[in-house]
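A short worksheet on the structure shown next.
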Number of protein chains: 2
Amino acid sequence: MTRVLVIDDEPSILRALRINLTARNYEVSTASDGASGLAAVSRERPDVLILDLGLPDMDGTEVIHGVRGWSSTPIIVLSVWGQEEQKVAALDAGADDYVTKPFGMDELLARLRAAVRRSAPAPDEPVVATPDFTVDLAAKRVTRGGDGDIRLTPTEWQLLEVLVRNRGRLVTQRQLLQEVWGPAYGSESNYLRVYVAQLRRKLEPEPSRPRYLLTEPGMGYRFRA
Amino acid sequence: MTRVLVIDDEPSILRALRINLTARNYEVSTASDGASGLAAVSRERPDVLILDLGLPDMDGTEVIHGVRGWSSTPIIVLSVWGQEEQKVAALDAGADDYVTKPFGMDELLARLRAAVRRSAPAPDEPVVATPDFTVDLAAKRVTRGGDGDIRLTPTEWQLLEVLVRNRGRLVTQRQLLQEVWGPAYGSESNYLRVYVAQLRRKLEPEPSRPRYLLTEPGMGYRFRA
DNA sequence: CCTGGGCGTTAAGGATGTGTCAAGAACGTC
DNA sequence: GACGTTCTTGACACATCCTTAACGCCCAGG
């Protein structure tokens, strides 16, 4: 039986979720603020977390960081309409999905199922090949066509790894900074510029005209396979 | 079977809708004022709501807010001709669509079907496809049939994202402005005109005759999938 | 027929973001 | 402690994007 922990300060929502989820055979427990929510997470080890971003005692992203520090339990975030940056911050902090309030129970249930399904061990394809080079995520190695390996510094590798893991997808600058440099960073985009340039110099056949490490001005970077 | 709740104070309309909807295999219930309407919503949990804005006891937007506080059941609004600002207010409050009285039954039925279809749980993989282009919300990518990706600027993308997330639904100018440019904006409709034009130029097969990014004069825009 | 409002279109400036280079600081190794 | 590598930081030129204003069009109302 899947265990769900709901962290929300509105009693009506807690009640509605408890009723609906219990009816669907989930095991539901609740908390009404961030502090007791974090305590409940470490105590009960739920399979999924439903977290309202508008808690009275602490910011939603803080709660997410508090969980993500030691657990990868999927987190579905509830937020009111129009708070884009809050949602983005939550996703950057490690939330898995979000639902805007007011929400339909069907939608929430669908996202819940999806989150649980996804949290199953990821069938990783650890080798990504392009016409010009190959990235082996498991072995942490990059090889280029004719010649042998390419030496990457730790930071270069981490950056490349995040981009390759999200291949095809656009990765926000904030997301990159936080994954590579840590949660305290988010606006130091000059770091990215320097390291992306270094990666391009080492990997791209024509560094000034990138084919794989693409820039999306104002948004972030994207690895094209 | 789809359950419809009709809130209207005119007995003739109630009767007409009950007959027509029942014949189409909807399960119909009715209420004749706002208070009993709200009670009926929480009691019967209808799948769609048809709401007349000209109720005797309370303003239509109040009813909408009362519902939207905890549910995202689609709401179709009925209003008499010429009450533009009332309609806009209703849409801003969270209504999904509107029909002006007097209305043709066919139109109402079409909007009803559309509203119900939209309320189906959102797919895990948020990809919206049209005959001419494809929008991938997760990867932040737009691809056009034959040729490759289409480059969008951050603002263009945000605008498209809001419209696509509300696909089929009419989105108010105020709502768009606040979502994309921030809460301080609400009347700068010239921004919208500029950026909608840019999106049309990049996405529409015939930008001067839009097939997907539709204008609803005086109200807002709508993305048709 | 004229007028005004809303919409579409275009273009130019100013603001912001990006690529690049280089030098000093921090780190680990021998 | 000396050395080589890696990371950080600043400066600059250049590209891109946002904002703003102006104009033409269409339609409804006087």
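Every chain is numbered from 1, with letters handed out A, B, ... down the list of sequences. Both backbone and side-chain heavy atoms feed into the values below; hydrogens, waters and symmetry mates do not.
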- Note on the structure: Taking dC7(D), dG19(C), dT16(D) as options, the one with an atom nearest any side-chain atom of P154(A) is dC7(D)
- Quickly work out the L192(A) CG to dG17(C) P distance and round it to whole Å. 13 Å
- Task: Round to the nearest Å and state the distance from Q158(B) atom CD to dC17(D) atom C1'.
- Result: 13 Å
- Are any side-chain N or O atoms of R18(B) and backbone N or O atoms of R15(B), one a donor and one an acceptor, separated by less than 3.5 Å? no
- Item | Phosphate OP1/OP2 of dC18(D) contacted by Y195(B) side-chain N/O (<4.0 Å) | yes
- Looking only at atom C1', what distance separates dG13(C) and dG24(D), rounded to whole Å? 23 Å
- Message: Measuring to OP1 and OP2 of dC18(D), would you say a side-chain N or O of Q198(B) lies under 4.0 angstrom away?
- Response: no
- Within this structure, what is the CD-to-P distance between E188(A) and dT8(D), rounded to whole angstrom? 10 Å
- Message: Once you apply a heavy-atom cut-off of 4.0 Å, does V196(B) come out as touching a base, just sugar-phosphate, or nothing?
- Response: nothing
- Task: Provide, to the nearest angstrom, the distance between the CZ atom belonging to R193(A) and the P atom belonging to dA13(D).
- Result: 15 Å
- Would you say D57(A)'s side chain and G34(A)'s backbone share a donor-acceptor pair under 3.5 angstrom? yes
- Starting from C1' on dA15(D), measure out to CE on M219(A) and report it in whole angstrom. 16 Å
- Hey, does the side chain of Y191(B) come within less than 4.0 Å of dG8(C)'s phosphate (OP1/OP2), counting only N and O? no
- Does a salt bridge link D132(B) with R211(B), judged by any charged N lying under 4.0 Å from a carboxylate O? yes
- For dC18(D), take OP1 and OP2 only and decide whether either is under 4.0 Å from a side-chain N or O of T153(B). yes
- Query: Taking the inter-plane angle between the rings of W181(A) and Y191(A) on a 0 to 90° scale, is it parallel (under 30°), tilted (30 to 60°) or perpendicular (over 60°)?
  - Reply: tilted
- Message: Counting only side-chain nitrogens and oxygens, does R200(A) get under 4.0 Å of the OP1 or OP2 atom of dG19(C)?
- Response: yes
- How many Å lie between CG on L213(A) and P on dG19(C), as a whole number? 11 Å
- Rounded to whole Å, the CG-C1' distance (N190(B) to dC23(D)) equals 14 Å
- Message: Between Q178(B) and L176(B) (side chain of the first, backbone of the second, donor and acceptor by atom type, cut-off under 3.5 Å), is there such a pair?
- Response: no
- Go through dA21(D), dC17(D), dG10(D) for me and flag the one nearest to the V194(A) side chain. dG10(D)
- Query: Can you find a side-chain donor-acceptor pair between T2(B) and D47(B) that sits under 3.5 Å?
  - Reply: no
- Message: Looking at dC17(D), I'd like to know if its phosphate oxygens (OP1 or OP2) sit under 4.0 Å from a side-chain N or O belonging to R151(B).
- Response: yes
- Item | Distance test, side-chain N/O of T215(A) to OP1/OP2 of dG19(C), below 4.0 Å | yes
- Task: Give a yes/no on whether any side-chain N or O of T155(B) is located under 4.0 angstrom from OP1 or OP2 of dC18(D).
- Result: yes
- So what does E156(B) touch, heavy atoms closer than 4.0 Å: a base, only the sugar-phosphate, or nothing? nothing
- Task: Send over the distance from L177(B) CG to dT19(D) P, rounded to a whole Å.
- Result: 11 Å
- Any side-chain N or O of W181(A) less than 4.0 Å from the OP1 or OP2 oxygen of dT8(D)? yes
